[in-house]
*Asks:* 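Pasting a structure here, questions to come.
Below, chain A is the first sequence line, B the second, and so on; all start at residue 1.
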Amino acid sequence: MKIKLVAYGVARDIINQKTIDFELSGSTVSDLRQALFAQYPEFEKLNSMRFAVNDMYKEEDELIQAEDEVILIPPVSGG
Amino acid sequence: MIDIKILDQTLDTDYCRSFVTHPSAGGIVVFVGTVRDQTQGKPVQKLEFEAFESMAIKEMAKIAEAIQEKWDAIHVAIHHRVGTLDISDIAVIIAVSTPHRKAAFEACQYAIDTLKETVPIWKKEFFDDGEVWVAAHP
């Protein structure tokens, strides 16, 4: 299925753009992580990578729906 | 009451302190996070903050609500800056009023510690010889 990825911080640097359309063969956050890291190995080097949909963090076993906009959240550093 | 803001202009500590002022408050703690001039001895020129704003506002609101529940905070203000900041500029303000002072200190500490863990805001440090996303890599 096709989803949209929106990247912030160092994640945007890694995929070299703010948004991409991404073809995902699985259906969970974990599937997305594997596919994304396979395509962009630089993600492996980060301290963490989290994913959010509808302004909420998603856990590894949660489902991603077709047409979802998934936000890539690298290690946060506010404050 | 809760006041959550992400702003691209100078943050206002007086505003935040006033916002949390209340007749039943016995203490107000205001944490002001400022831009330090070095990281591990390396001079910092400036910082840039970017936020995933809609979610950052919600995560900051969750922190404020947790504070009201756990420490009986009366009012909470959390303001975070985005954009380019110079040395000593204010990056974040957290103001909390509680009936007794101990709770205000604890709540404020909880708020800044949690903000640094959960709120989708990113800081980039600019040095003489390059730039780094803070905390991104081990």
*Asks:* Evaluate whether atom CG of A:Asn54 has more than 12 neighbouring non-hydrogen atoms of other residues, nucleotides or ligands under 6.0 angstrom away.
*Replies:*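 Check fails, neighbour count at 12 or below.
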*Asks:* Does any backbone or side-chain atom of A:Met49 lie under 4.5 Å from a heavy atom of chain B? Answer side chain, backbone, both or neither.
*Replies:*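 Neither the backbone nor the side chain of A:Met49 comes within 4.5 Å of chain B.
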*Asks:* Membership question, hydrophobic clusters at under 4.5 Å side-chain separation (ILVMFWY): are B:Val20 and B:Tyr15 in the same one?
*Replies:*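 B:Tyr15 clusters together with B:Val20.
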*Asks:* Contact part of B:His137 toward chain A, heavy-atom cut-off under 4.5 Å: side chain, backbone, both or neither?
*Replies:*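 Both backbone and side chain of B:His137 come within 4.5 Å of chain A.
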*Asks:* Could you state whether A:Val53 and A:Phe51 fall into the same hydrophobic cluster, counting links through intermediate Ile, Leu, Val, Met, Phe, Trp or Tyr residues with side-chain heavy atoms under 4.5 angstrom apart?
*Replies:*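 Cluster IDs for A:Val53 and A:Phe51 match.
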*Asks:* At a heavy-atom distance under 4.5 Å, which candidate from B:Arg81, B:Glu59, B:Lys116 has the highest pair count against chain A?
*Replies:*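 Of B:Arg81, B:Glu59, B:Lys116, B:Lys116 has the most heavy-atom pairs under 4.5 Å with chain A.
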*Asks:* Can you tell which part of B:Glu48 gets under 4.5 Å to a heavy atom of chain A, answering side chain, backbone, both or neither?
*Replies:*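 For B:Glu48, there is no contact with chain A at all, as no heavy atom is under 4.5 Å.
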*Asks:* If you count heavy atoms of other groups shown closer than 6.0 angstrom to CZ of B:Phe105, is the number above 12?
*Replies:*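 At most 12 heavy atoms, drawn from other residues, nucleotides or ligands, come within 6.0 Å of this atom.
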*Asks:* Measuring heavy-atom distances to chain A, does B:Lys58 have an atom under 4.5 Å in its side chain, in its backbone, in both, or in neither?
*Replies:*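 Side chain only.
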*Asks:* Look at the side-chain heavy atoms of Ile, Leu, Val, Met, Phe, Trp and Tyr, link any pair under 4.5 Å apart, and say whether A:Val10 and A:Leu32 land in one connected group.
*Replies:*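 Yes, because A:Val10 and A:Leu32 connect within a single hydrophobic cluster, where side-chain heavy atoms sit under 4.5 Å apart.
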*Asks:* Against chain B, label A:Leu46 side chain, backbone, both or neither, depending on which of its atoms sit under 4.5 Å from a heavy atom there.
*Replies:*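 For A:Leu46, heavy atoms of backbone and side chain both lie under 4.5 Å from chain B.
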*Asks:* So for B:Ala56, is it side chain, backbone, both, or neither that comes closer than 4.5 Å to the heavy atoms of chain A?
*Replies:*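 Neither part, no heavy atoms under 4.5 Å.
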*Asks:* So which part of B:Val134 gets closer than 4.5 Å to some heavy atom of chain A, the side chain, the backbone, both or neither?
*Replies:*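 Both parts, backbone and side chain.
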*Asks:* Are the side chain of B:Lys123 and the backbone N or O of A:Gly79 linked by a donor-acceptor pair below 3.5 Å?
*Replies:*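 It does hold such a pair.
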*Asks:* Does B:Val30 belong to the same Ile/Leu/Val/Met/Phe/Trp/Tyr cluster as B:Ile94, with side-chain heavy atoms less than 4.5 Å apart forming each link?
*Replies:*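 No.
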*Asks:* On a heavy-atom basis, which atom in B:Thr118 and which in A:Val76 lie closest, and how many Å separate them?
*Replies:*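 Shortest heavy-atom separation between B:Thr118 and A:Val76 comes out as N-CG2, 4.1 Å.
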*Asks:* Can you tell me if B:Lys62 has over 12 outside heavy atoms packed within less than 6.0 Å of its NZ?
*Replies:*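 Atom NZ in B:Lys62 is packed in, count exceeds 12.
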*Asks:* Looking at B:Glu50 and A:Gly9, would you say the former's side chain and the latter's main chain have a donor-acceptor pair under 3.5 Å?
*Replies:*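 Such a contact is found between B:Glu50 side chain and A:Gly9 backbone.
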*Asks:* In this structure, would B:Met55 and B:Ile57 fall into the same cluster of hydrophobic residues linked by side-chain contacts under 4.5 Å?
*Replies:*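 Different clusters.
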*Asks:* Do you know which two heavy atoms are closest between A:Asp55 and B:Ser54, and how far apart they sit?
*Replies:*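 Nearest heavy atoms, A:Asp55 then B:Ser54: OD1-OG, 2.8 Å.
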*Asks:* Heavy-atom cut-off 4.5 Å, strictly under: side chain, backbone, both or neither for B:Phe52 against chain A?
*Replies:*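 Contact with chain A involves both backbone and side-chain atoms of B:Phe52.
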*Asks:* Please check this pair: side chain of A:Tyr8 against backbone of B:Ile121, looking for a donor-acceptor N/O pair closer than 3.5 Å.
*Replies:*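 Side chain of A:Tyr8 to backbone of B:Ile121: no pair is present.
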*Asks:* In terms of heavy-atom pairs under 4.5 Å, which option from A:Pro74, A:Ser77, A:Pro75, A:Ser48 contacts chain B the most?
*Replies:*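 Of the options given, most contacts go to A:Ser77.
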*Asks:* Is it the backbone or the side chain of B:Trp133 that comes under 4.5 Å from a heavy atom of chain A, or both, or neither?
*Replies:*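 Just its side chain gets close to chain A.
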*Asks:* B:Ala136 versus chain A, heavy atoms under 4.5 Å apart: side chain, backbone, both or neither?
*Replies:*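 Contact with chain A is through both the backbone and side chain of B:Ala136.
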